[in-house]
Protein chains: 2
Amino acid sequence: MATKYSRQREMILNNLCSRTDHPTADELYIDLKEELPNLSLGTLYRNLAMLSENGTILKFHCGTADRFDGNNNLHYHLICEKCNRLYDLEHAPLTELDNMFASGYKGKINSHLLVFYGLCEYCNCSV
Amino acid sequence: MATKYSRQREMILNNLCSRTDHPTADELYIDLKEELPNLSLGTLYRNLAMLSENGTILKFHCGTADRFDGNNNLHYHLICEKCNRLYDLEHAPLTELDNMFASGYKGKINSHLLVFYGLCEYCNCSV
DNA sequence: ATCAATAACGATAATCGTTACTGTTATTAT
DNA sequence: ATAATAACAGTAACGATTATCGTTATTGAT
């Protein structure tokens, strides 16, 4: 069960953390193929699952595919309803939301996901 | 392009609106088969897409499948990290969120999705 | 009421993102 | 070095959803 180091996992994480475009697995794969020509798509998915499960990265479902974010600090996103891309929003985290909703609730609240829908600045200008 | 009435669509909507368990397409299908033995899964998906696109119902992606909600009034949900079910939370809608995030943003914000993660009241008690 | 136009249907095949399997390779502790 | 096994590459399988296609049902006009 002990996790072993792998060069592939390190390079996947490095690549994801060096970009801010929240790529899909496939978009990451195309880019990583240049540095790791033998990389298998299964390896990529396996590592993205591992990294998001242990909280190192974030995973979002947009449109048909999942998108990944190497920045796991609490922040919010906008999904553009036109181009389906995922963008960061500049806003302080609303840490109080979890407590607000937890009061009076019999279950347990660990975290929240806040996603806005609309048009990104590029699509908004080209309507 | 004009929408025509269909008995199937009416019964799909009635069934969904009469329950509060946010079923997947497949769960709806199993139930609807009793009243509409000839219902095709394609018809169900086609109508769920039409109804969610025109805002009559809501669609959420949880786990591997989409879940649907016949109550389209703004309200929030909890996804249980143990049983993967989707529950309604009792809390007034935060209509101010869209405006809060829209100020200073160059794109356009139409709506938001706020989902909490944690344990539902049943799983929380049986830990 | 009949008829033409076409939205919607049922049945089924195809799509595609993701996961599982299998034999091989690389990491790690002894 | 060596043994144990996590992780790999390659590929097959899976499953939710979508597309296709010939047929049926709704609708508006005659």
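As the structure is a computational prediction, the values presented were derived from the model and not from experiment. Just the heavy atoms: all of them, side chains too, but no hydrogens, waters or symmetry mates, feed the values below. Here is the naming used below: chain letters follow the sequence lines, and residue numbers restart at 1 for every chain.
At a cut-off of 3.5 angstrom, the base of C/dA11 holds at least one donor-acceptor pair with the side chain of B/S40.
A/N15 places a side-chain heavy atom less than 4.5 Å from the side chain of A/E35.
B/T56 and B/N54 share a donor-acceptor pair across their side chains, judged by distance under 3.5 Å alone.
Among the atoms of the strands shown, only primed sugar atoms or phosphate atoms (P, OP1, OP2) are found under 4.0 Å from some heavy atom of B/N47. A/D66 comes within contact range of the sugar-phosphate backbone alone, with a heavy-atom separation under 4.0 Å but no base atom that close.
Of the possible polar contacts, one joining the A/S52 side chain to the A/L48 backbone as a donor-acceptor pair under 3.5 Å is found. Here the side chain of B/Y5 pairs no donor or acceptor atom with the backbone of B/E10 at under 3.5 angstrom. Not one N or O on the side chain of A/D98 forms a donor-acceptor pair closer than 3.5 Å with the backbone of A/I109. Using a distance-only test at 3.5 Å, with no hydrogens or angles considered, no donor-acceptor pair links the side chain of A/R9 to the main chain of A/N47.
A straight line from CD of B/E27 to P of D/dA16 spans 11 Å, rounded to a whole angstrom. Put simply, NE2 on A/H61 is 13 Å from C1' on D/dG15, counting in whole angstrom units. Nucleotide C/dA8 holds its P atom 14 Å from the CG atom of B/L48, rounded to whole Å. One atom, CD1 of B/I30, and another, P of D/dA16, lie 11 Å apart when rounded to the nearest Å. Residue B/L39 contributes atom CG, which lies 10 Å from atom C1' of C/dC9 at whole-angstrom precision. In this structure, CG of B/L51 is placed 13 Å from C1' of C/dA8, rounded to the nearest angstrom. Going from atom CG of A/L44 over to atom P of C/dC16 covers 19 Å, rounded to whole Å. If you measure from atom CE of A/M11 to atom C1' of D/dA9, you get 16 Å, rounded to the nearest angstrom.
Within 6.0 Å of the CD atom in A/E96, the count of heavy atoms belonging to other residues, nucleotides or ligands exceeds 12.
Contact annotation: A/N38 side-chain N/O to C/dT25 OP1/OP2 distance is not under 4.0 Å. Put simply, A/Q8 has no side-chain N or O that comes within less than 4.0 Å of OP1 or OP2 on C/dA26.
Projected onto DNA chain C by closest heavy-atom contact, B/M50 and B/P37 fall at different nucleotides, the more 5' of which corresponds to B/M50. Checking A/L36 against B/R67, the closest nucleotide of DNA chain D that is more toward the 5' end is the one next to A/L36.
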(request) Could you encode protein contacts along nucleotides 18-30 of chain D as a string, one character per nucleotide from 5' to 3', using B for base contact, S for sugar-phosphate-only contact and - for no contact, with a heavy-atom cut-off of under 4.0 Å? (result) B-------BS---
